Amino acid sequence: MADDKKLTPRAEDFSAWYNELVLRAELADHAPVRGCMIIRPNGYGIWERMQRALDTRFKETGHQNAYFPLFIPQSFLNKEAQHVEGFAPENAVVTHGGGKLLDEPLVVRPTSETIIYSSFAKWTQSYRDLPIKINQWANVVRWEMRTRLFLRTLEFLWQEGHTAHATHDEAEAETRMILELYREFMEGHMAMPVVTGLKTEAEKFAGALRTYSTEAMMQDNKALQAGTSHNLGQNFAKAFDLTFQSEAGTLEHAWNTSWGVSTRMVGGLIMTHSDDKGLRTPPKLAPVEIVIVPIWKTDEDLGTMREVAKRIVADAQAWSGRGEDRLRFHIDDREGIRPGEKYYHWELRGIPLRLEIGPRDLAGNQCMIARRDTGEKTAVSLDGLPATLADLLATMQRDMFAAALARREANSIREAISYDRFKEIMEGPGAFVSAGWNGDPAVEAQIKEETKATIRCLPDPEFRSPTAPTRCLLTGEPAKFEALWAKSY
RNA sequence: CGGGACGUAGCGCAGCCCGGUAGCGCACCUGAAUGGGGUUCAGGGGGUCGCAGGUUCAAAUCCUGUCGUCCCGACCA
């Protein structure tokens, strides 16, 4: 382990301190897979908890996990015109197999719509076969020009959901349901507030009818697209002959949706919550919620404190129940390391609560508890400790969300502003700006060119201005749409 | 592919302008004291200065080339 002390973690410059110390993530060291991420076990816990929580929700909403091939024949991708156009520049293509030139190149999946819907087509004959609702946990490859740890890696791990429905409305309902599911996860588990909304034509998924996204604000005021949910319409169904006979007897194309979130969320978590002391993990995603640091002077004390710590853990776990409800502890009884050093160690790693207990506390039937989010340290009674800890964790989860939301709101602008003012804001720290747009892609492109800001989405009502902007940015004409503008990752 | 920076000990860096044969912090090893917020003191090990040429009595330092990394931009979740 490298030297913790040298680290000056800057929330707004997380790339300077991510590696090794906090999440144990790194980029591979062989070109050209340098853009690929390696996550070692002690950081992986956060992603595993994310995965488990999402997987549970997918199953609760009627989806099943399935696994499809890594290789996609080039011809599959070619079938949907917009899709192939969108992905062709970033595809990794396998041309040789078994030492021979392949008749047809194989694309390493950048996403699995084509290979999955070709299967759906075989599985579907009647409306009774629909809906099909599956999810796949998989790694995919996109040959990016420039990579960035967590946010844009050459290969990334994600889940991609794929469904087929009999009607447009049912597919649209699925798309929106998943968007809300993502929101609940991001706000409830990650304590990361998101704006949901519709992507513009310029920003939507290649091949989709409509794309919705969740947009989170990072501590540098940039937007991070954290998840997407697409209503694919009948585009892929038509390309892959995904048809079914309706109740009325007619042959119809199915309606598809696809949606995904990736390891990018780990980057979002870091950039939303970390501070100058390191990572802060919302309790629900913390692999360890409470670290106990026993304090001792003599060997006898050490023995006593170890017993006490074990008893605290056993009592709390018995109290809190089984499975997900069970409180997660770590006892740091390492010898030869002073308590202060342990405190810094665990703060850096974002463990939500620290419980200190020594002979003096024991004599007073109490212990010290420090919160990672606020830094508060208080003495609490050992009586009823499990409930105290559980309450504190729940409070932290809420407080972290509230703090992140307050920060986003403080950096959001909803009143009408001039284009000059808009440029000024985007040249500075940036902001989430709710501003008018006339729907013209050329205007969208020109504003991107001049300010680097893009339309993150046409936001759902909760982010919109109570008094909607009446004038379009740049053109000044009456606004057709209210859009969320921001610089983004 | 354009623009910019940087390669010196395991990690982070100074030294380079003005050449004289390498240093600091952390980490590591030994010993002692210490032990409720990154202990202190004493001693110690570790580097062909990215690589290849050139200039020079002498190159980490100057010159040329080369390789690599990072940052910014185009692309993108």
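Per chain, numbering begins at 1; letters A, B, ... match sequence-line order. Both backbone and side-chain heavy atoms feed into the values below; hydrogens, waters and symmetry mates do not. Just so you know, these numbers come straight off a predicted model, no measurement behind them.
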- [ ] Measure from the side-chain N and O atoms of A:His230 to the backbone N and O of A:Asn256, and report whether any donor-acceptor pair falls under 3.5 Å.
- [x] no
Open item on the list: Can you confirm if the NZ or CZ of A:Lys342 lies within 45° of the ring axis of A:Tyr344 and under 6.0 Å from the centre of its six-membered ring?
Closed with: no
Among [options], find the nucleotide with the atom closest to the side chain of [X].
X        : options                : result
A:Tyr344 : B:rA77, B:rG38, B:rG35 : B:rG38
A:Glu341 : B:rG35, B:rG38, B:rC75 : B:rG38
A:Ser262 : B:rG35, B:rA77, B:rG36 : B:rA77
A:Arg354 : B:rG35, B:rG37, B:rC75 : B:rG37

TODO: For A:Lys222 and for A:Arg264, find the nucleotide of RNA chain B with the closest heavy atom, then tell me which residue's nucleotide is more 5'.
DONE: A:Lys222
Between [N] and [M], how many Å separate the two [atom1] atoms, rounded to a whole number?
N      : M      : atom1 : value
B:rC49 : B:rG37 : C1'   : 39 Å
B:rA5  : B:rA42 : P     : 42 Å
B:rG19 : B:rU61 : C1'   : 6 Å
B:rA52 : B:rC67 : C1'   : 10 Å

Task: Distance below 4.0 Å between A:Arg338 side-chain N/O and B:rG36 OP1 or OP2 - done: yes
Open item on the list: Side-chain N or O of A:Lys452 versus OP1/OP2 of B:rA74: is the shortest distance under 4.0 Å?
Closed with: yes
- [ ] Measure the distance from OH on A:Tyr489 to C1' on B:rG73 and round it to the nearest whole Å.
- [x] 16 Å
Open item on the list: Using whole Å, what does the distance between atom C1' of nucleotide B:rA77 and atom CG of A:Leu157 come to?
Closed with: 14 Å
- [ ] Could I get the full list of ring-ring contact (aromatic ring centres under 6.0 Å, His included) partners for A:Trp259, not counting sequence neighbours?
- [x] A:Phe58, A:His63
Open item on the list: Holding to side chain to side chain contact (heavy atoms under 4.5 Å, CB included), I want the full list of residues that pass it with A:Lys310, two or more places apart in sequence or in another chain.
Closed with: A:Glu307, A:Ile331
Task: Plane angle bin for A:Phe120 and A:Tyr117 - parallel if under 30°, tilted between 30 and 60°, otherwise perpendicular - done: tilted
Open item on the list: Can you tell me how the ring of A:Trp485 sits relative to the ring of A:Phe422, calling it parallel under 30°, perpendicular over 60° and tilted otherwise?
Closed with: perpendicular
- [ ] Test A:Phe87 against every option in A:Phe76, A:Trp143, A:Phe205 by the ring-ring contact (aromatic ring centres under 6.0 Å, His included) rule and name the one that passes.
- [x] A:Phe205
Task: Pair assignment for B:rG7, Watson-Crick or G-U wobble, requiring both distances under 3.5 Å - done: B:rC67
Open item on the list: Using a strict heavy-atom distance below 4.0 Å, which residues from residues 77-95 of chain A are in contact with RNA chain B?
Closed with: A:Glu90
